[in-house]
K.L.:
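Here it is: the structure, laid out below.
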Amino acid sequence: MNKPVPNIIDGRHVAALIREEVRQDVHDWVNSGNRAPKLQVVLVGGNQASKVYVGAKTRACEEVGILSETLMLPDTTSEKILKEHIAKYNDDPTIDGILVQLPLPAHMTPLAVIESIDHRKDVDGFHPMNVGRLTIGQPCYRSCTPAGIMELLKYYSLSAKSKDVVVVGASNIVGSPAAIMLSRENDEGKATTTLCHKYTRDLTRHTIGADILIVAAGVPGLITGQMVKEGAVVIDVGMNRVADPSVDRGYRLVGDCDYDSVAEKASWITPVPGGVGPMTVAMLMKNTLLAAKKAVYP
Ligand code: GUN
């Protein structure tokens, strides 16, 4: 018997459509006499993955007509100096969005740094003001990765309404805001949401009931086919580097799902790479344009 083949959720395709929409909107915005939107990026230290992500973000800015500048600071930078740079960007009327790439060096307190960003320029949606407003359904910047997941579900008409959604991984950046978005009473929400994490006793007991399973744990191969319900929609947010001497760069990217066995059960699945990853960058472009237009905080 042939193996069942799931439908592929193509994040590269949907992200390209969103970037094109933003490019058009930026073009119109500038043609109407406004200055081009500007994103200020801050990268502290030499984390290789962070450099790759920042490179992708600044390339996307260039593509859609958003100006960007990247401040690179050494690992040894004090939190005080970093906050001084942020304070300057907060006060600069030519800067619309500020993004401090995470993770920060261990000697810093990430929340304190995030809180020092003016929430009206927090295009990452990490500031407590934005997270709080998300929680109570008020206009806010939304964390780009979960916002990208919502766009993917919408694009493929995979409604979450009244579905059992299970989110694995409770990070502030992905899992927790994804669970909030899916629980709200609005067009993209109305799901019954379970948020699992590393203290969850019997993960399979939860995942096996999921109509929509979102996995953002950062553990390669955590979810296998036996843990997934037949016909489930599976969104794999994992971006794990595993050593692979057979490729030039020495590693390959894998998700949190054991793709082959999960694909046998899923009706829809995101590949890694090419699933959620490109959506994060596209949503950042969208948020930066909203910031320039002062559409969220007039
Ligand atoms: N590190 C991992 N993901 C992200 C993200 O979306 N934004 C920032 N600033 N840092 C990250």
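Any value given below was found using the heavy atoms of this structure, including those in side chains, with hydrogens, waters and symmetry copies removed. Order of listing sets the numbers, starting from 1, for every ligand and every atom in it. Predicted model, so just to flag it, every value in this text is computed and none were measured.
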K.L.:
Once side-chain contact (heavy atoms from CB on, under 4.5 Å) is applied, do any residues pair with N90, and if so which ones, sequence neighbours excluded?
P.N.:
I86, I98, I117, D118

K.L.:
Every pair of nitrogen or oxygen atoms between ligand 1 and the protein that is under 3.5 angstrom apart - can you list them with their distances to 0.1 Å?
P.N.:
{"unit_1": "ligand 1", "atom_1": "1 (N)", "unit_2": "Q101", "atom_2": "NE2", "d": "3.3"}
{"unit_1": "ligand 1", "atom_1": "1 (N)", "unit_2": "L102", "atom_2": "O", "d": "3.0"}
{"unit_1": "ligand 1", "atom_1": "7 (N)", "unit_2": "D124", "atom_2": "OD1", "d": "3.1"}
{"unit_1": "ligand 1", "atom_1": "7 (N)", "unit_2": "D124", "atom_2": "OD2", "d": "3.3"}
{"unit_1": "ligand 1", "atom_1": "9 (N)", "unit_2": "V100", "atom_2": "O", "d": "2.9"}
{"unit_1": "ligand 1", "atom_1": "9 (N)", "unit_2": "D124", "atom_2": "OD2", "d": "2.6"}
{"unit_1": "ligand 1", "atom_1": "10 (N)", "unit_2": "Q101", "atom_2": "NE2", "d": "3.4"}
{"unit_1": "ligand 1", "atom_1": "10 (N)", "unit_2": "L102", "atom_2": "N", "d": "3.0"}

K.L.:
Backbone N or O of G225 within a donor-acceptor pair of the K265 side chain at under 3.5 Å?
P.N.:
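Looks like yes, one N/O pair under 3.5 Å.
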
K.L.:
Only distances under 3.5 Å count here; give the side-chain donor-acceptor pairs of residues 156-166 to other protein atoms, sequence neighbours excluded, each with its distance to 0.1 Å.
P.N.:
{"unit_1": "Y156", "atom_1": "OH", "unit_2": "D10", "atom_2": "N", "d": "2.9"}
{"unit_1": "S159", "atom_1": "OG", "unit_2": "K161", "atom_2": "N", "d": "3.1"}
{"unit_1": "K163", "atom_1": "NZ", "unit_2": "S159", "atom_2": "O", "d": "3.0"}

K.L.:
How far apart are the closest heavy atoms of A292 and D96, and which atoms are they?
P.N.:
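Shortest heavy-atom contact: CA-OD1, 3.4 Å.
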
K.L.:
May I ask you to check whether Y297 and H119 place their ring centers less than 6.0 Å from one another?
P.N.:
yes

K.L.:
Can you pull the salt bridge (Lys or Arg N to Asp or Glu O under 4.0 Å) pairs that have at least one residue in residues 221-234, sequence neighbours excluded?
P.N.:
D211-K229

